[in-house]
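We count ligands from 1, going down the list as the structure has it; atoms in each ligand are counted the same way.
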Amino acid sequence: MPLVTTTEMFKKAYDGGYAIGAFNVNNMEIIQGIVEAATEENAPLILQVSAGARKYANTVYLKKMVEAAVETSGLPIALHLDHGDSFALCKDCVDSGFTSVMIDASAHPFAENISITKQVVEYAHDHGVVVEAELGKLAGVEDDVKVDAKDASYTDPDQVQEFVEKTGVDSLAIAIGTSHGAFKFKGQPKLRFDILEEVGRRLPGFPIVLHGASSVPQEYVKIINQYGGNMPGAQGVPEEMLRKAAGMAVCKINIDSDLRLAVTATIREHFALNPSHFDPRQYLGPARDAVRKVVRHKIVDVLGCNGKA
Ligand code: G3H
Ligand code: 13P
Ligand code: ZN
């Protein structure tokens, strides 16, 4: 089976009340860990590549490794651009064989967001590629995605129908209080499920995307802190909230930070316990296993997409 788009997976997920995991990939071990878990659980997958990942690993390497994942697993896998910030970047990904792209023009005013998104949709659809866009702004800081908390804003449900109609976009990321990274809430986690519900009412049958959806497992934060890290107050989205979102209109749940935490905690602990190891396979192997464990847990206990490939 070649790489697929998200059309079929989202339709089934919407109707079935579950969500597909979209996991960020940056190297071979991360890809392998994710794909091993999805294979064990017979789950559809979205592997997503950010602009930062393209710079780090070279998009050709990532694409070839994702093709290897398709060949070895036989699973329906979509290759998705995460947070594309320009038509040129989205076009480059469409031209190089991605099956899905995100144009994130959420930093622009509404009318401009519409016109940039529409331009990407026209090009992508001409080439059989699907498009995700964003309305509202998530807070958080990662390599190429930086929004201060003061500049973040919830999605306005009054805008979603006009946005989808005018752009022709295939899925929509909305802001309901999640944020990127490992520090999502100061104090009690709170998500605006009322916004998600209203968006779902305004766009019946339409797939919604939740970014910033890592749950920041405290066992990994503890290991990182125990072995010289410093992440006090790291906090993610409670898993019961993600399960609730997956049962509503959310069909795609984005997870990156949890994989980073699993890899980093595993490697930190490995070196603390085995200070003289110097063969990268000795620590990258366990890191890959940790990714597999996290993803399997997400698929089965949070997303509910096991057995849906
Ligand atoms: O939402 C952003 C993703 O987690 C990618 O982060 O830009 O650091 O690769 P990155
Ligand atoms: P996290 O930082 O919560 O993993 O979010 C990842 C994401 O939204 C990628 O687009
Ligand atoms: Zn994101």
Side-chain angles (χ1 to χ4, degrees), residues 6 19-27 30-31 33-34 45-59 61-62 78-86 89-90 93 98 100-107 131-149 151-153 155 171-185 189 191 208-218 220-221 231 234-239 241-242 245-246 250-265 290-291 294-295 297-298 302-303:
T6 53
I20 313 292
F23 300 97
N24 286 74
V25 298
N26 287 279
N27 69 9
I30 292 175
I31 294 173
I34 297 165
L45 254 189
I46 300 169
L47 296 175
Q48 55 188 14
V49 171
S50 69
R54 280 167 51 103
K55 263 184 254 157
Y56 172 76
N58 183 326
T59 188
Y61 279 82
L62 291 174
L79 175 58
H80 174 75
L81 168 68
D82 191 28
H83 293 285
D85 63 353
S86 66
L89 174 54
C90 293
C93 289
F98 282 52
S100 173
V101 294
M102 176 188 191
I103 173 67
D104 180 358
S106 61
V131 181
E132 171 187 331
E134 181 165 323
L135 249 192
K137 249 179 282 165
L138 268 73
V141 178
E142 274 155 295
D143 275 4
D144 285 288
V145 185
K146 295 188 181 66
V147 180
D148 280 349
D151 298 323
S153 59
T155 302
S171 63
L172 185 66
I174 63 168
I176 59 167
T178 62
S179 62
H180 291 114
F183 298 85
K184 298 189 189 295
F185 302 100
L191 291 192
I208 299 302
V209 178
L210 194 62
H211 283 245
S214 277
S215 44
V216 185
Q218 291 301 304
Y220 290 130
V221 174
M231 302 184 73
Q235 197 187 357
V237 184
E239 290 184 342
M241 290 190 183
L242 298 171
V250 170
C251 294
K252 172 174 180 271
I253 290 193
N254 282 15
I255 296 165
D256 187 358
S257 296
D258 285 356
L259 307 184
R260 296 176 178 198
L261 289 165
V263 167
T264 301
V291 168
V294 168
V295 172
H297 167 67
K298 299 286 177 193
V302 180
L303 305 160

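- Listed by number with element, the atoms of ligand 2 under 4.0 angstrom from any heavy atom of N24 are 9 (C).
- Rounding to the nearest 0.5 angstrom, the gap separating the CG atom in N26 from the OG atom in S50 is 6.0 Å.
- In this structure, the side chain of T59 does not engage the main chain of R54 through any donor-acceptor pair within 3.5 Å.
- For S214 and D256, the side-chain atoms include no donor-acceptor pair closer than 3.5 Å.
- Here the side chain of D104 pairs no donor or acceptor atom with the backbone of G84 at under 3.5 angstrom.
- Close approach of ligand 2 to H83 (heavy-atom distance below 4.0 Å) involves ligand atoms 10 (O).
- Taking distance alone, with nitrogen or oxygen atoms compared against 3.5 Å, D258 stays at or beyond that limit from ligand 2.
- Residue E132 forms a side-chain hydrogen bond (donor to acceptor under 3.5 Å, both in side chains) with just one option from H83, Q48, H80, and that option is H80.
- Here the straight-line distance linking atom CG of L191 with atom CD1 of I176 works out to 5.0 Å at 0.5 Å rounding.
- Between S50 and ligand 1, an N or O atom pair is found at a separation short of 3.5 Å.
- Interface of H211 with ligand 2, defined as ligand atoms under 4.0 Å from a residue heavy atom, comprises 8 (O), 10 (O).
- Summary: ND1 is the N/O/S atom of H211 found nearest to the Zn ion (ligand 3).
- Taking all heavy atoms of L259, D256, N254 into account, the minimum distance to atom 5 (C) of ligand 1 is reached by D256.
- Within the structure, ligand 1 has R260 among the residues with a heavy atom less than 4.0 angstrom away.
- Of the heavy atoms in S50, none comes closer than 4.0 Å to ligand 2.
- Short contacts between ligand 2 and S257, defined as distances under 4.0 Å to a heavy atom of the residue, involve ligand atoms 1 (P), 2 (O), 4 (O).
- Residue D82 touches ligand 1 through its side chain alone, judged by heavy-atom distances below 4.0 Å.
- With a heavy-atom cut-off of 4.0 Å, N24 touches ligand 1 through its side chain alone.
- Atom OH of Y61 and atom CD1 of I31 lie 13.0 Å apart (nearest 0.5 Å).
- In the vicinity of H83, heavy-atom distances shorter than 4.0 Å reach the ligand 1 atoms 1 (O), 2 (C).
- Shown in contact with G212 at under 4.0 Å from a heavy atom are these atoms of ligand 2, numbered in order with element: 1 (P), 3 (O), 5 (O), 7 (C), 8 (O).
- Atom-to-atom distance recorded for D258:CG and K298:NZ is 4.0 Å, nearest 0.5 angstrom.
- Ligand-side atoms of ligand 2 in range of K184: 1 (P), 2 (O), 3 (O), range being under 4.0 angstrom from any heavy atom.
- Contact check for I30 versus N24: no side-chain heavy atoms found under the 4.5 Å cut-off.
- Taking the N/O/S atoms of H180 in turn, the shortest distance to the Zn ion (ligand 3) belongs to NE2.
- Looking at ligand 2, you won't find any N or O of I255 less than 3.5 Å from one of its N or O atoms.
- Within the listing of ligand 2, atoms 2 (O) sit less than 4.0 angstrom from a heavy atom of G181.
- Side-chain atoms of Q235 do not come within 3.5 Å of backbone N or O of Q218 as any donor-acceptor pair.
- Judged by distance alone, the side chain of S179 and the main-chain N or O of L138 form no donor-acceptor pair under 3.5 Å.
- When atom types are taken as modelled, the side chain of K252 and the backbone of A22 share no donor-acceptor pair closer than 3.5 angstrom.
- Atoms of ligand 2 found under 4.0 Å from any heavy atom of H180, numbered from 1 in the order shown, are 2 (O), 5 (O), 6 (C), 7 (C), 8 (O), 10 (O).
- Taking a 4.0 Å cut-off on heavy atoms, M102 fails to register as neighbouring ligand 2.
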